Amino acid sequence: MGAAVTAYHLAQARTRRRREKAKEAAPKRSAARAAKVAAMYEEANASYYYGRSVLLAEIEKKLDAERRMIENARDEKEAVRRRMSVGFELLKPTEIGGRIRQPFVEKGLRSDRLGVAAKLFVRGCRKGKNLRSGEERGLIYTRTGRKVLNLDYAYVEGNRRMVSLIRVDLDRYFDGFDDLRARLQALVDAGKLPCMPHVVVGDIQDLRREDLHHASLVRPHLWFILRDAVAFRAPEHGGKGREGPKRLFNGVYRALVHALLPLGSDPDALVTLVRGKNPLSPFWRSESFNDTVFPSLTDYAKAMPEGMTFSRERLAREAAKIQSALPKAASNALFNTASKQAWKILREMHAAGTAEYLDALDDREGLRALLGELMPLDDVLALCEERVSDDQAAYVIDKVIGYASSSWNPVKADQAEARANRHKLAHLVEGLDLKGRQAVAGRASGAAKKDAAREAVIAAMVSVRSVGGPWTRVEVARVAVLDRSTVSRHWRSCEIECDNRCLDKKGSLLTDNSVMSDLDQEDGMRIGPKPYVSPSKRDTGNTVSQAVEAIAAKRKPCPPPPPSVRPSLQDVPEIRVPATARRTAETAPGRAKTDIRGPRTVSAPKLAQRVKTADKAAKYGKAMEVMSPETEAYDARLAEFKVSFRGWIEGGRQGPRPVHPRPF
């Protein structure tokens, strides 16, 4: 009696028939393609002259793309032919799973040797053009367009739309496949597992134990295979996935993890990734433990009702208690302490937004490693009241780090922070109607925005002052990225706060107060805001004395102005002065605009202000010549200027323009 014909045999027959038809129709397809290319060239040559070159270039570009695709397909076909005839060939040493693999050759396919379970595993992966695989678990992408070649890589990702593969990680070592088989059979006999896992894959390494070398099975992955896949793609995304089967699938996974906790199952692995060690890869050792019994999701749920409703946190606590061999009270106390520390560190990193944290969000293994670096064992034990050994505490802290890194959700963290401020106005809105509550909320929101704007203005002022930029509202508004009216509204209060903050910084940089005090009092000179200096011309002194000497050298006291600009203002309510110019102070001290006007009366306060302006210009070393208009020297200078200015105009404005005398 012959073997029964299954659906697998029918699918293989259909595939062979499709390939035979494609091979028979190959000459017709080649002739049709040649006729199409000839028609394209004929159409391009028949077009007008200027457009012919453009059409020919487009045709060549399209043909080059087709030739590259044909070459890639030919190379992949040759690689598949060699893979099926010669076998898998590793030509150079390669690191897989933390161990260097030397070159080797393996003939045949694992799926032919591991039975029906391996063939169902192949069915649970996507097609070759969409199948993602790689040599590292965190670096998985589509390698080639052929499924048989993609399934040779060490790590593989199953179909995440129609899921029929369940992976359970065992984070411990075993003495071999026989030891693991015996432990799993004990769980099946005790009724904790409905069946053995279908395929087991891991790495065999020689480990030193008690001065002897043992061939150990390192961190194997157990693959449970379903005959009927579960649709995980939502209907709004073009799929037909229902919520009921998906919840049942997740519950079965949690029940399997709970049943395998005594063997070191990892409760933090995400089942929906369908990613793990590839049992069909020649890089690993793999065996088929179950090739006959394929329970459905309902059968799994009936056999393991205890762990179906367990949350991820409860599974992590159970794993910490079982694998650390600690009493329940001590394990929970240490778990709580480590959890508080882990969530605190994650919230701080999220608020800071460091580059390491943002990079680790895309890779949960990276976030787990980063969190492990920030949570040393000694620091966590110092916060815990329970006294446990380091080995036992390491198990618990590892489970906490894995649970926190896999459960961390930045979006929910932002939402929790927003909810924390929801009831802070409850004492103000009690007994008010809707309009009253809205008014209170509006005032609170306005106050918060005002505080944020003030902080931005103060920070911009400090920045402008530190670099010596122009001390104007326009510059501060540009740095703070605010409107000028907003900066003007907060200018006075923010300027005072800026002075206080800059005072603290100056005190920390210049500690020689006696030298600065003498420098301030010498010749009545006042040290004002530092003028803007380009970064290439700034001093780079390393000591306080060098900085003080540099300031003193730059600000040498100027000689006092002539006595004529310092008239006595006592008992002079009004002075008649035939003024011929009016100065308008601008940002830089000493600069002026000249506006020719007739004689006018200058009062005593105006005269005092002009004297002050002249003194300030002299102290800052700006070129401003001051003289009385009633002197003969001024008349001579004015006549000389008129002659020179007329000559400058008649000479075609060559050379520097003559300077007009600036009277008092």
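This structure is a prediction, so every number in the text was calculated from the model and none was measured. Values reported hereafter were calculated over all heavy atoms of this structure, with side chains retained and with hydrogens, waters and symmetry mates removed.
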Flag the pair [X] and [Y] as a salt bridge only when some basic side-chain nitrogen lies within less than 4.0 angstrom of an acidic carboxylate oxygen.
{"X": "Arg68", "Y": "Asp64", "value": "no"}
{"X": "Lys23", "Y": "Glu20", "value": "no"}
{"X": "Glu66", "Y": "Lys36", "value": "no"}
{"X": "Arg74", "Y": "Glu71", "value": "no"}
{"X": "Asp398", "Y": "Arg368", "value": "yes"}
{"X": "Glu78", "Y": "Arg81", "value": "yes"}

Do any N or O atoms from the side chain of [X] and from the backbone of [Y] form a donor-acceptor pair under 3.5 angstrom?
{"X": "Ser407", "Y": "Ala404", "result": "no"}
{"X": "Asn278", "Y": "Tyr153", "result": "yes"}
{"X": "Thr15", "Y": "Ala11", "result": "yes"}
{"X": "Arg123", "Y": "Arg227", "result": "yes"}
{"X": "Asn336", "Y": "Asn332", "result": "yes"}
{"X": "Thr94", "Y": "Lys92", "result": "yes"}
{"X": "Asp299", "Y": "Pro295", "result": "no"}
{"X": "Ser324", "Y": "Val396", "result": "no"}
{"X": "Ser265", "Y": "Val257", "result": "yes"}

inquiry  = side-chain contact (heavy atoms from CB on, under 4.5 Å) for Leu226 and Tyr300? Distances and angles first, verdict last.
reply    = CA-CA 10 Å; Leu226 302 175; Tyr300 280 111; 3.8 Å; yes
Does atom [atom1] ([X]) have a neighbourhood of more than 12 heavy atoms from anything else shown, all under 6.0 Å?
{"X": "Arg19", "atom1": "CZ", "result": "no"}
{"X": "Asp228", "atom1": "CG", "result": "no"}
{"X": "Glu356", "atom1": "CD", "result": "no"}
{"X": "Arg219", "atom1": "CZ", "result": "no"}
{"X": "Arg82", "atom1": "CZ", "result": "no"}
{"X": "Tyr253", "atom1": "OH", "result": "yes"}

Measuring from [X]:[atom1] to [Y]:[atom2], what's the distance to the nearest 0.5 Å?
{"X": "Arg132", "Y": "Asn159", "atom1": "CZ", "atom2": "CG", "answer": "12.0 Å"}
{"X": "Leu120", "Y": "Ile225", "atom1": "CG", "atom2": "CD1", "answer": "5.5 Å"}
{"X": "Leu170", "Y": "Arg183", "atom1": "CG", "atom2": "CZ", "answer": "10.5 Å"}
{"X": "Arg16", "Y": "Gln12", "atom1": "CZ", "atom2": "CD", "answer": "6.5 Å"}
{"X": "Asn290", "Y": "Phe224", "atom1": "CG", "atom2": "CZ", "answer": "9.0 Å"}
{"X": "Leu370", "Y": "Tyr357", "atom1": "CG", "atom2": "OH", "answer": "10.0 Å"}

[X] vs [Y] side-chain heavy atoms within contact, under 4.5 Å:
{"X": "Asn130", "Y": "Thr142", "result": "no"}
{"X": "Phe310", "Y": "Pro267", "result": "no"}
{"X": "Leu109", "Y": "Leu151", "result": "no"}
{"X": "Asp203", "Y": "Arg101", "result": "yes"}
{"X": "Met304", "Y": "Leu193", "result": "yes"}
{"X": "Leu184", "Y": "Pro197", "result": "yes"}
{"X": "Arg29", "Y": "Arg33", "result": "no"}
{"X": "Gln323", "Y": "Lys399", "result": "yes"}

Closest non-hydrogen atom pair between [X] and [Y], with its separation:
{"X": "Leu187", "Y": "Ala259", "result": "CD1-O, 3.8 Å"}
{"X": "Pro245", "Y": "Leu297", "result": "O-CD1, 4.3 Å"}
{"X": "Met84", "Y": "Val148", "result": "SD-CG2, 4.3 Å"}
{"X": "Ile401", "Y": "Gly372", "result": "CD1-CA, 3.7 Å"}
{"X": "Gln102", "Y": "Pro93", "result": "OE1-CG, 3.8 Å"}
{"X": "Ala301", "Y": "Val252", "result": "N-CG2, 4.2 Å"}

Can you give each donor-acceptor pair under 3.5 Å made by side-chain atoms of residues 337-349, sequence neighbours left out, with the distance rounded to 0.1 Å?
unit_1, atom_1, unit_2, atom_2, d
Thr337, OG1, Ala333, O, 3.0
Ser339, OG, Phe335, O, 2.7

inquiry  = I need the single residue from Lys147, Arg110, Arg83, Arg146 that forms a salt bridge (charged side-chain N to carboxylate O under 4.0 Å, His left out) with Asp152. Which is it?
reply    =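 Exactly one option meets the salt bridge (charged side-chain N to carboxylate O under 4.0 Å, His left out) with Asp152, and it is Arg83.
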message = Show, in sequence, the C-alpha distance, side-chain angles and deciding distance for Arg113 and Glu106, and conclude whether the salt bridge (Lys or Arg N to Asp or Glu O under 4.0 Å) test is met.
response = CA-CA 13 Å; Arg113 297 200 302 266; Glu106 179 177 312; 3.3 Å; yes
task = Take Trp284 and Tyr155 through the side-chain contact (heavy atoms from CB on, under 4.5 Å) test and state the conclusion after the steps.
result = CA-CA 10 Å; Trp284 307 112; Tyr155 294 92; 3.8 Å; yes
message = Can you tell me which residue among Trp223, Phe121, Phe289, Phe294 is in a ring pair (Phe, Tyr, Trp, His ring centres under 6.0 Å) with His198?
response =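 Result for ring pair (Phe, Tyr, Trp, His ring centres under 6.0 Å) with His198: Phe294.
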request  = Determine which pairs satisfy salt bridge (Lys or Arg N to Asp or Glu O under 4.0 Å) with at least one residue from residues 267-287, sequence neighbours left out, and list them in order.
outcome  =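 Only Glu157-Arg275, Arg181-Glu287 qualify under salt bridge (Lys or Arg N to Asp or Glu O under 4.0 Å).
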request  = For side-chain contact (heavy atoms from CB on, under 4.5 Å), just list the numbers for Phe174 and Leu263, CA-CA rounded to whole Å, side-chain angles, deciding distance to a tenth of an Å, and then say yes or no.
outcome  = CA-CA 9 Å; Phe174 298 89; Leu263 301 185; 4.3 Å; yes
task = In sequence, state the C-alpha distance, the side-chain angles, and the governing distance for Leu334 and Val400, and then conclude on side-chain contact (heavy atoms from CB on, under 4.5 Å).
result = CA-CA 10 Å; Leu334 181 57; Val400 170; over 6 Å; no
message = Under the rule for ring pair (Phe, Tyr, Trp, His ring centres under 6.0 Å), what residues qualify as partners of Phe283, not counting sequence neighbours?
response =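 By the ring pair (Phe, Tyr, Trp, His ring centres under 6.0 Å) rule, Phe283 matches Phe88.
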message = Ring of Tyr141, cation from Arg143 - is the NZ or CZ under 6.0 Å from the centre and inside 45° of the axis?
response =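 The answer is yes; both the distance and angle limits are met.
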inquiry  = Does either side chain, that of Asn72 or that of Glu76, offer a donor lying less than 3.5 Å from an acceptor on the other one?
reply    =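 The answer is no; no qualifying pair exists.
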